[in-house]
Amino acid sequence: MPTCQNCESFVTTQYAKVFTPPSEEEPRVCPHCPDKLRDGATVREARSTRNG
């Protein structure tokens with residue numbers, strides 16, 4: 001089962017397939033990470049809250 005490298009939450013196989021770079025085995029950040037987001041090839045702190 002794929003897990004997020006940041007918060008260790010479970011992510012679906014489809015999510016991992018779409019959002020994991022070819023050189024990685026698991027996503028670096030997931031929708032459950034409230035303070036992080038993907039920014040190109042890196043992960044950064046969110047500039048604002050992600051409270052939909």
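Throughout, numbering of the chain's residues begins at 1 and tracks the sequence.
- Put simply, the residue from Cys33, Cys4, Pro21 that forms a side chain to side chain contact (heavy atoms under 4.5 Å, CB included) with Arg28 is Pro21.
- A distance-only check finds a donor-acceptor pair linking the side chain of Gln5 to the backbone of Glu26 [under 3.5 Å].
- Remark: Phe19 CZ to Cys30 SG distance equals 11.0 Å, nearest 0.5 Å.
- For the pair Pro2 and Thr12, the tightest heavy-atom approach, listed with the atom from each and the gap, is CG-O, 4.0 Å.
- Both Val18 and Tyr15 are assigned to one and the same hydrophobic cluster, defined by single-linkage of ILVMFWY side chains at heavy-atom distances under 4.5 Å.
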